[in-house]
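Single-structure report; data block below.
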Amino acid sequence: MAYELTALGISVLALLRQRPMHGYEMFQTLVRRQADRIVKLRPGSLYHVVDRLTEEKLVRRAATTRAGNRPERAVYEITDAGTEALSERVREFVATPGDEFPQFVAALAAIDTLDLDAATTAVDDRVGALEARAAEITALRDAGTTPGAGYRVAFDYLLAATRAEISWLRGFADSLRVNSRDEVPT
């Protein structure tokens, strides 16, 4: 089976397309750009992805550096194959809807296991949490701290999707409130 770039792999290659970096710098740059709102980002998973990208010859060690008493750090750069793989995978992800299996959708499929009060409270709690998230995303986007048009577009999309989910959930919560105690709407 051929290696398929993950969302984190795409983020790493996109960083290295800008310039060579060492792993810690990649992690810090992604954190500073709030990329953890876009991809699941942990230091261990980032280093694993960098190792895998190296094995696949999508990145290569460009140099080894040392600053003061710090340990040596491998600096990575994207290869031509990495640039090609990045472009192809981004094009594929943008053009083709994929099957994503969010936990929330699985919970909605089983919401009839809750009584109406518990279901309504859970939906109302989610609306509140999403409203807070939307405010946070708006503040990040409007602060202008995320470099590049790509991050702005990603935050605009997250904000639109969050607002759409809030709107749907409010309607769903209203329908829960008007239904009898024995029945959850379908």
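- Side-chain atoms of Arg89 come within 3.5 Å of backbone atoms of Leu5 as a donor-acceptor pair (strictly under, hydrogens ignored).
- Counting only distance, with no hydrogens or angles, the side chain of Ser175 and the backbone of Phe172 share a donor-acceptor pair below 3.5 Å.
- With Ser45 contributing its side chain and Leu41 its backbone, the two residues share no donor-acceptor pair below 3.5 Å.
- Contact check for Arg141 versus Asp156: side-chain heavy atoms found under the 4.5 Å cut-off.
- Shown here for Thr79 and Lys57, the closest heavy-atom pair between the two residues is OG1-O, 2.8 Å.
- In the displayed structure, Arg177 atom CZ is contacted under 6.0 Å by more than 12 heavy atoms of other residues, nucleotides or ligands.
- Within 6.0 Å of CZ on Phe93 lie more than 12 heavy atoms contributed by other residues, nucleotides or ligands.
- Here the CZ atom belonging to Arg60 is positioned 11.0 Å from the OG1 atom belonging to Thr54, to the nearest 0.5 angstrom.
- The closest side-chain heavy-atom distance from Leu130 to Val127 is not below 4.5 Å.
- With Tyr47 contributing its side chain and Tyr24 its backbone, the two residues share a donor-acceptor pair below 3.5 Å.
- Among all heavy-atom pairs drawn from Leu158 and Ile137, the shortest one is CB-CD1, 4.1 Å.
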**OP:** Tell me, with the steps shown, if Arg52 and Val49 meet side chain to side chain contact (heavy atoms under 4.5 Å, CB included).
**Re:** CA-CA 5 Å; Arg52 187 63 197 261; Val49 165; 5.6 Å; no
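- The 12-atom threshold is exceeded at CG of Asp125, counting heavy atoms of other residues, nucleotides or ligands nearer than 6.0 Å.
- In this structure the side chain of Gln28 never reaches within 4.5 angstrom of the side chain of Met21, judged on heavy atoms.
- Shown here for Ala134 and Ile166, the closest heavy-atom pair between the two residues is CB-CD1, 4.4 Å.
- With contacts defined as side-chain heavy-atom distances shorter than 4.5 Å, the pair Phe155/Arg37 qualifies.
- Judged purely by atom type and a 3.5 angstrom limit, Ser167 has no side-chain atom pairing as donor or acceptor with the backbone of Arg163.
- Shortest non-hydrogen contact noted between Leu169 and Arg126 is CD1-CD, 3.7 Å.
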**OP:** For the pair Val39 and Ile10, evaluate side chain to side chain contact (heavy atoms under 4.5 Å, CB included) and give the outcome as yes or no after the intermediate values.
**Re:** CA-CA 10 Å; Val39 298; Ile10 288 170; over 6 Å; no
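- You'll find the side chain of Ile38 stays beyond 4.5 Å of the side chain of Ser11, heavy atoms only.
- One distance of note links CD of Glu25 with CG of Leu30; it measures 10.5 Å at 0.5 Å rounding.
- The heavy-atom pair separating Gly82 from Leu13 by the smallest distance is O-CD1, 3.8 Å.
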**OP:** Evaluate side chain to side chain contact (heavy atoms under 4.5 Å, CB included) for Leu86 paired with Leu16, printing each intermediate quantity in order.
**Re:** CA-CA 11 Å; Leu86 172 63; Leu16 294 178; over 6 Å; no
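- Follow the hydrophobic side-chain contacts under 4.5 Å out from Val123 and you reach Leu114 in the same cluster.
- Across Asp124 and Ala173, no two heavy atoms sit closer than the pair OD1-CB, 3.7 Å.
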**OP:** Evaluate side chain to side chain contact (heavy atoms under 4.5 Å, CB included) for Val12 paired with Tyr76, printing each intermediate quantity in order.
**Re:** CA-CA 10 Å; Val12 168; Tyr76 295 90; over 6 Å; no
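- In this structure, Glu136 does not pair ionically with Arg133, as no charged nitrogen and carboxylate oxygen lie closer than 4.0 Å.
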